[in-house]
Structure formats: structure tokens, C-alpha cells
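Since this is a predicted model, take the numbers as computed values, not measurements.
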Amino acid sequence: MREILFKAKRIDNGEWVEGYYTEYNGKTFIGINISIYSDIFEVFYIPLIRWFEVDPKTICQFTGLCDKNGKKIWENDILMAHLDESYPEDATYETVEWNVAGWVGHETGSIDRRYLDKFDLEHYEVVGNIFDNPELLQEESDE
């Protein structure tokens with residue numbers, strides 16, 4: 001079963017936090033499990049969650065997938081690959097987003113959406129996200 005996680009930027013310091021998502025009193029939070037667990041104290045185990053207020057515009061869901069380096073792929077991540085061995089300097093960039101029935105890659109300037117598959121997971125790597133690295137999505141201009 002896929003682990004359902006979210007990440008977002010904290011309001012207090014702008015850093016990313018990964019964990020569980022909730023809303024309360026008009027605010028958005030991500031909670032991380034800070035429980036200390038030991039087999040010895042299994043009877044006394046009580047889950048503890050620390051909640052951080054986050055910017056709701058930055059919420060990203062974990063896709064359940066990892067890139068070629070084993071790094072988690074999140075919604076709004078930017079993936080990059082060198083797909084043409086003849087031109088190793090050329091890179092292809094895709095943004096990860098949800099489409100009707102699953103996670104898709106979307107190339108800048110294209111209206112096409114393609115579901116992420118085994119090929120993507122073997123060739124693409126996470127190089128940033130749309131919030132921290134929007135410059136990666138700028139189309140090359142003709143000179």
C-alpha cells in the first residue's frame with residue numbers, strides 16, 4: 001500500500017516539511033511523527049505528531065514513486081532527463097501533476113500529458129520544484 005504523505009513550506013521559516021496534512025480553523029498544517037518507539041516500551045507507545053502551519057499554495061502530495069536515484073517524486077516536482085545520447089547537452093524537463101487517473105509528466109510549452117511509467121523512473125531525476133526552481137521551466141528563446 002502506498003504511503004500517503006504531503007509536503008509544504010512552513011509559514012514560520014519557509015522550509016519544506018513532509019508529513020500528514022490537515023486543516024483547522026482556516027489554517028493548513030503538516031504534521032510529522034515525533035514518537036520514540038522501542039520494542040521494550042511497545043505497551044506504552046503513544047503516537048505524537050508535531051504540527052507546523054504551512055502555506056496552502058505549496059502543498060504537494062507524494063506520488064508513491066521515486067526517480068532513478070531513489071529520491072521521492074512529489075506533485076509539482078521538476079524532473080529532468082538526457083534522452084538523446086547524440087546530444088547529451090540537451091535536457092528534457094517535465095513537471096509532475098495529477099491527471100484524471102494518475103500522475104503525469106507535463107513538458108513546458110506542451111499541452112500533452114503523459115502518465116509516468118517505468119521508463120520515466122529509470123531515466124528522469126528530480127532537479128527541483130515549481131516553487132523553488134521556476135527558472136527550470138522557462139522555454140529556451142530563439143536567438
Side-chain angles (χ1 to χ4, degrees), residues 1-84 88-143:
M1 178 182 232
R2 176 171 82 83
E3 186 174 25
I4 300 176
L5 293 175
F6 294 86
K7 74 173 186 175
K9 287 189 161 209
R10 290 173 47 174
I11 293 289
D12 61 348
N13 63 12
E15 292 183 14
W16 289 98
V17 62
E18 298 177 12
Y20 311 104
Y21 166 86
T22 194
E23 293 179 8
Y24 181 73
N25 281 345
K27 295 182 179 182
T28 306
F29 297 89
I30 297 287
I32 60 171
N33 186 343
I34 59 170
S35 302
I36 299 172
Y37 179 77
S38 170
D39 290 337
I40 298 170
F41 299 109
E42 185 174 350
V43 176
F44 303 108
Y45 175 72
I46 299 173
L48 298 172
I49 305 292
R50 175 147 186 226
W51 296 97
F52 297 94
E53 185 178 0
V54 296
D55 180 349
K57 291 182 234 130
T58 64
I59 292 177
C60 305
Q61 185 174 355
F62 176 45
T63 63
L65 306 170
C66 295
D67 71 3
K68 70 178 191 176
N69 301 316
K71 187 174 181 181
K72 289 179 183 174
I73 300 174
W74 298 85
E75 178 180 17
N76 298 314
D77 271 352
I78 300 170
L79 306 177
M80 186 270 300
H82 297 285
L83 300 176
D84 189 342
E89 68 279 2
D90 288 348
T92 300
Y93 293 90
E94 292 189 351
T95 305
V96 177
E97 54 189 52
W98 178 258
N99 198 12
V100 178
W103 298 104
V104 296
H106 168 238
E107 278 188 60
T108 302
S110 171
I111 59 170
D112 294 334
R113 306 286 192 274
R114 195 177 46 74
Y115 288 101
L116 297 177
D117 59 21
K118 185 177 178 184
F119 176 87
D120 298 314
L121 306 181
E122 292 173 353
H123 292 87
Y124 281 84
E125 63 183 315
V126 175
V127 293
N129 61 65
I130 64 170
F131 306 105
D132 296 334
N133 313 98
E135 70 279 0
L136 295 175
L137 298 176
Q138 295 177 4
E139 291 188 65
E140 294 181 18
S141 58
D142 296 328
E143 294 180 20

request  = May I ask you to decide if Leu137's main-chain N or O and Thr108's side chain share a donor-acceptor pair within less than 3.5 Å?
outcome  = yes
So NE2 of His106 and CG of Asp112: to nearest 0.5 Å the spacing works out to 8.5 Å
Interatomic distance, OG1@Thr28 vs CG@Asp55, rounded to 0.5 Å, equals 8.5 Å
For Thr63 and Glu75, the nearest pair of non-hydrogen atoms, with its separation, is CG2-N, 4.1 Å
CG of Leu65 to CH2 of Trp103, rounded to nearest 0.5 Å, is 9.0 Å
Exceeds 12 heavy-atom contacts within 6.0 angstrom, atom OH of Tyr115:
yes
Closest heavy-atom pair, Leu121 versus Cys66, reported as atoms and distance to 0.1 Å, is CD2-O, 3.4 Å
Original post:
Val17 and Ile32: side-chain contact (heavy atoms from CB on, under 4.5 Å), yes or no, with the steps?
Top reply: CA-CA 8 Å; Val17 62; Ile32 60 171; 3.7 Å; yes
### Message
Counting only heavy atoms not in Lys68 (residues, nucleotides, ligands), do more than 12 fall under 6.0 Å from its NZ?
### Response
yes
Pairing of Asp77 and Lys72 as salt bridge, 4.0 angstrom limit: no
Rounded to the nearest 0.5 angstrom, the CD1-OH distance for Ile59 and Tyr21 is 4.5 Å
What one should report as the nearest heavy-atom pair of Met80 and Tyr93 is CG-CE2, 3.4 Å
The reported gap from CZ in Phe131 to NZ in Lys9 (rounded to nearest 0.5 angstrom) is 8.5 Å
- Task: Examine distances only and state if a side-chain atom of His82 and a backbone atom of Asp90 form a donor-acceptor pair shorter than 3.5 Å.
- Result: yes
Notebook entry, point to check: Under a 4.5 Å cut-off applied to non-hydrogen side-chain atoms, are Trp16 and Asp132 in contact?
Noted result: yes
Problem - Pairwise side-chain contact, Val104 with Trp98, heavy-atom cut-off 4.5 Å (strictly under) - result: no
- Query: Do Arg114 and Glu107 meet the salt-bridge criterion of a basic N to acidic O distance under 4.0 Å?
  - Reply: no
Check: Within a strict 4.5 Å, meaning less than it, do heavy atoms of the Asp120 and Leu79 side chains meet?
Finding: no
Is it true that a side-chain atom of Asp67 and a backbone atom of Val126 form a donor plus acceptor pair closer than 3.5 Å?
-> yes
Closest non-hydrogen atoms of Gly31 and Ile49, given as atom of the first, atom of the second and distance, are CA-CG2, 3.6 Å
* Asked: Between the side chain of Asn69 and the main-chain N/O of Lys71, is any donor-acceptor distance below 3.5 Å?
  -> no
In short, Gln61 meets Ile4 closest at the heavy-atom pair NE2-CG2, 4.0 Å
Strictly distance-based, threshold 3.5 Å: is any side-chain N or O of Arg113 a donor or acceptor partner for the main-chain N or O of Ile111? yes
Heavy-atom closest pair (Leu116 atom, Gly105 atom, distance to 0.1 Å) is CD2-N, 3.8 Å
Interatomic distance, CD1@Ile11 vs CD1@Ile30, rounded to 0.5 Å, equals 11.5 Å
* Tell me, do Asn129 and Trp74 make a side-chain contact under 4.5 Å, heavy atoms counted? -> no
